[in-house]
Visitor: 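The structure's right below; bear with me while I get my questions together.
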Amino acid sequence: MLIFVKSISMKNLNDLLQLGDPRLYEVCEPVYEHELPQVKEWVADLHNVMEEIRAKYQFGRGIAAPQLGVMKRLIYLNLDRPIVIINPVFENLSEEMFELWDDCMSFPNLLVKVKRHKQLIIKYLDENWQPQTWQVEDAISELLQHEYDHLDGVLCTMRAIDNQSFKWRPTPES
């Protein structure tokens, strides 16, 4: 079970890298076992920023560490429960693809039409450094592909189907 503790150095929405920041295009380094104490801090920061995005823009299921300038292969999801994904690897990506309008916390008002694999298997280490295997499809498959791309310096803008695959989404009224 993950417990989030606010720290003095807690990152917030102002720390989220925005479209155009060169760090968003960098390939991330693996997380090493001796960095597990830092992983807890990074996850707390990722959680905090995700909650701020949810409050302001009313979306957000996952965030990748490089979006906060932490250039490590770390993804944080918060679906029905928090999920920490360390050093993920994809296997068995389906040939079947589907199209959708993708969004990203690093450019919250822009939607981008992309194609994603309908199914895949992800292997990763959890927050206790235990190996995990998860077979996913549809919305979770898409989400994981989006976050995984961040670890390789790829943004959904780079996966746009064509030059008409961009749409503006206004910020919701408070």
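Residue indices begin at 1 and follow the sequence shown. Please read these numbers as outputs of a predicted model, since none were measured by experiment.
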Visitor: Taking only Lys NZ, Arg NE, NH1 and NH2, and the carboxylate oxygens of Asp or Glu, determine whether Glu51 and Arg54 approach each other closer than 4.0 Å.
Guide: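 Answer for the salt bridge query: yes.
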Visitor: Does Glu95 come within less than 4.0 Å of Lys118, counting only side-chain N to carboxylate O?
Guide: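 No, no charged N to carboxylate O under 4.0 Å.
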Visitor: Do Leu111 and Phe166 share a hydrophobic cluster (ILVMFWY, side-chain heavy atoms under 4.5 Å, transitive)?
Guide: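 Different clusters.
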Visitor: Would you call Lys113-Asp102 a salt bridge at under 4.0 Å N-O?
Guide: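 Between Asp102 and Lys113 there is no salt bridge, as every charged N stays at least 4.0 Å from the carboxylate O atoms.
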Visitor: Kindly determine whether Val154 and Tyr25 satisfy side chain to side chain contact (heavy atoms under 4.5 Å, CB included), including the steps that lead there.
Guide: CA-CA 6 Å; Val154 175; Tyr25 305 99; over 6 Å; no
Visitor: Under the criterion side chain to side chain contact (heavy atoms under 4.5 Å, CB included), I'd like the reasoning laid out for Met105 against Leu68: C-alpha separation, chi angles, the key distance, then a yes or no.
Guide: CA-CA 11 Å; Met105 293 180 189; Leu68 291 182; over 6 Å; no
Visitor: Under a 3.5 Å distance rule, please check whether Glu147 uses its side chain to pair with a backbone N or O of Ala64 as donor and acceptor.
Guide: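 Such a contact is found between Glu147 side chain and Ala64 backbone.
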Visitor: Report yes if some heavy atom in the side chain of Leu46 is under 4.5 Å from a heavy atom in the side chain of Ile75; otherwise report no.
Guide: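 No. Closest side-chain heavy atoms not under 4.5 Å.
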Visitor: Assess the residue pair Ile121 and Gln135 against the criterion (side chain to side chain contact (heavy atoms under 4.5 Å, CB included)); give the C-alpha distance rounded to whole Å, side-chain angles, the decisive distance to 0.1 Å, and a yes or no.
Guide: CA-CA 4 Å; Ile121 293 173; Gln135 184 169 344; 4.1 Å; yes
Visitor: Just verifying a value: how many Å separate Arg159 CZ and Ser165 OG, rounded to the nearest 0.5 Å?
Guide: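 Output value for this atom pair is 13.5 Å.
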Visitor: Any ion pair linking Arg61 and Glu142 (charged N to carboxylate O, less than 4.0 Å)?
Guide: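 Between Arg61 and Glu142 there is a salt bridge, with a charged N closer than 4.0 Å to a carboxylate O.
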Visitor: Taking Val43 as the starting point, is it possible to reach Ile53 by hopping between hydrophobic residues whose side chains are less than 4.5 Å apart?
Guide: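 Same cluster.
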Visitor: Using a 4.5 Å cut-off on heavy atoms from C-beta on, say whether the side chain of Arg73 contacts that of Asp152.
Guide: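 Heavy-atom side-chain distance check passes, below 4.5 Å.
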Visitor: Can you name the closest pair of heavy atoms from Ala44 and Met10 and give their distance?
Guide: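 Between these two residues, the closest heavy atoms are O-SD, 3.5 Å.
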Visitor: Looking only at heavy atoms, what is the nearest atom pair of Pro66 and Leu74, with distance?
Guide: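 So the two residues come closest at CD-O, 4.4 Å.
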Visitor: Any ring-ring contact (aromatic ring centres under 6.0 Å, His included) pairs touching residues 120-161, not counting sequence neighbours?
Guide: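 Sorted pair list: Phe90-Tyr148, His146-His150.
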Visitor: Hydrophobic clusters here meaning ILVMFWY residues chained together by side-chain heavy-atom distances under 4.5 Å, can you tell me if Val114 and Ile63 are in one?
Guide: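 No, no single cluster joins them.
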Visitor: So, the side chain of Asp126 versus the backbone of Asn128: is there a donor-acceptor pair under 3.5 Å, distance only?
Guide: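 Yes: the side chain of Asp126 pairs with the backbone of Asn128.
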Visitor: Please report the closest heavy-atom contact between Val31 and Ile86, naming both atoms and the distance.
Guide: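 Taking every non-hydrogen atom into account, CB-CG2, 3.5 Å.
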Visitor: If hydrophobic clusters are built from ILVMFWY residues whose side chains come within less than 4.5 Å, do Phe107 and Leu16 share one?
Guide: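 They do not share one cluster, since no chain of ILVMFWY contacts under 4.5 Å joins Phe107 to Leu16.
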Visitor: Please name the pair of heavy atoms, one in Gly60 and one in Met50, separated by the smallest distance, quoted to 0.1 Å.
Guide: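 Minimum heavy-atom separation between Gly60 and Met50: O-SD, 4.0 Å.
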Visitor: Indicate if Leu110 and Met158 have the same hydrophobic cluster label, given that clusters are the connected sets of ILVMFWY residues with side-chain heavy-atom separations under 4.5 angstrom.
Guide: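 Same cluster: Leu110 reaches Met158 through Ile, Leu, Val, Met, Phe, Trp or Tyr contacts under 4.5 Å.
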Visitor: Is a side-chain donor or acceptor of Asp45 paired with a backbone partner of Lys11 at a separation under 3.5 angstrom?
Guide: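 Pair found, side chain donor or acceptor close to backbone of Lys11.
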Visitor: Side chain of Glu52, backbone of Leu13: donor and acceptor closer than 3.5 Å?
Guide: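 Yes; at least one donor-acceptor contact below 3.5 Å.
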Visitor: Is the shortest side-chain heavy-atom distance between Pro108 and Thr171 below 4.5 Å?
Guide: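 The answer is no, as the side chains (C-beta and beyond) never meet within the 4.5 Å cut-off.
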Visitor: Show, in sequence, the C-alpha distance, side-chain angles and deciding distance for Leu144 and Ile85, and conclude whether the side chain to side chain contact (heavy atoms under 4.5 Å, CB included) test is met.
Guide: CA-CA 10 Å; Leu144 285 167; Ile85 297 173; 3.6 Å; yes
Visitor: So which heavy atom on Gln18 is nearest to which on Leu24, and how close?
Guide: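 Gln18 and Leu24 have their closest heavy atoms at O-CD1, 3.4 Å.
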Visitor: Just by distance, do the side chain of Ser141 and the backbone of His117 share a donor-acceptor pair under 3.5 Å?
Guide: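 Judged by distance alone, yes, a pair lies under 3.5 Å.
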Visitor: Roughly how far apart are Glu99 CD and Lys115 NZ, rounded to 0.5 Å?
Guide: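 Here the rounded value is 5.5 Å.
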Visitor: Can you spot which of Phe59, Trp101, Tyr57 makes a side-chain contact (heavy atoms from CB on, under 4.5 Å) with Arg169?
Guide: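 The passing option is Phe59.
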Visitor: Run the salt-bridge test on Glu127 and Lys40 with the 4.0 Å N-O cut-off and return the result as yes or no.
Guide: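 Salt bridge between Glu127 and Lys40, a charged N being under 4.0 Å from a carboxylate O: no.
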Visitor: Please check: side-chain N/O of Asp149 versus main-chain N/O of Cys156, any donor-acceptor pairing under 3.5 Å?
Guide: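 No, because the side chain of Asp149 does not come within donor-acceptor range (under 3.5 Å) of the backbone of Cys156.
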Visitor: Can you tell me how far apart CD (Gln145) and CD1 (Ile122) are? Round to the nearest 0.5 Å.
Guide: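 Going from the CD atom of Gln145 to the CD1 atom of Ile122 covers 10.0 Å.
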Visitor: Taking the side chain as every heavy atom from C-beta outward, state whether Ser106 and Leu19 have any pair of such atoms under 4.5 Å apart.
Guide: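 No. Closest side-chain heavy atoms not under 4.5 Å.
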Visitor: I need the single residue from Glu29, Glu35, Glu41 that forms a salt bridge (Lys or Arg N to Asp or Glu O under 4.0 Å) with Lys72. Which is it?
Guide: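 With Lys72 as partner, salt bridge (Lys or Arg N to Asp or Glu O under 4.0 Å) holds for just one option, Glu35.
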Visitor: Spell out, as yes or no, whether a donor-acceptor pair under 3.5 Å connects the side chain of Asp162 to the backbone of Gln164.
Guide: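 Yes, the answer is positive, given that a donor and an acceptor are paired below the 3.5 Å cut-off.
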Visitor: Please examine the side chains of Arg116 and Leu100, heavy atoms only from C-beta on, and report whether any two atoms are closer than 4.5 Å.
Guide: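 The answer is yes; the side chains approach within 4.5 Å.
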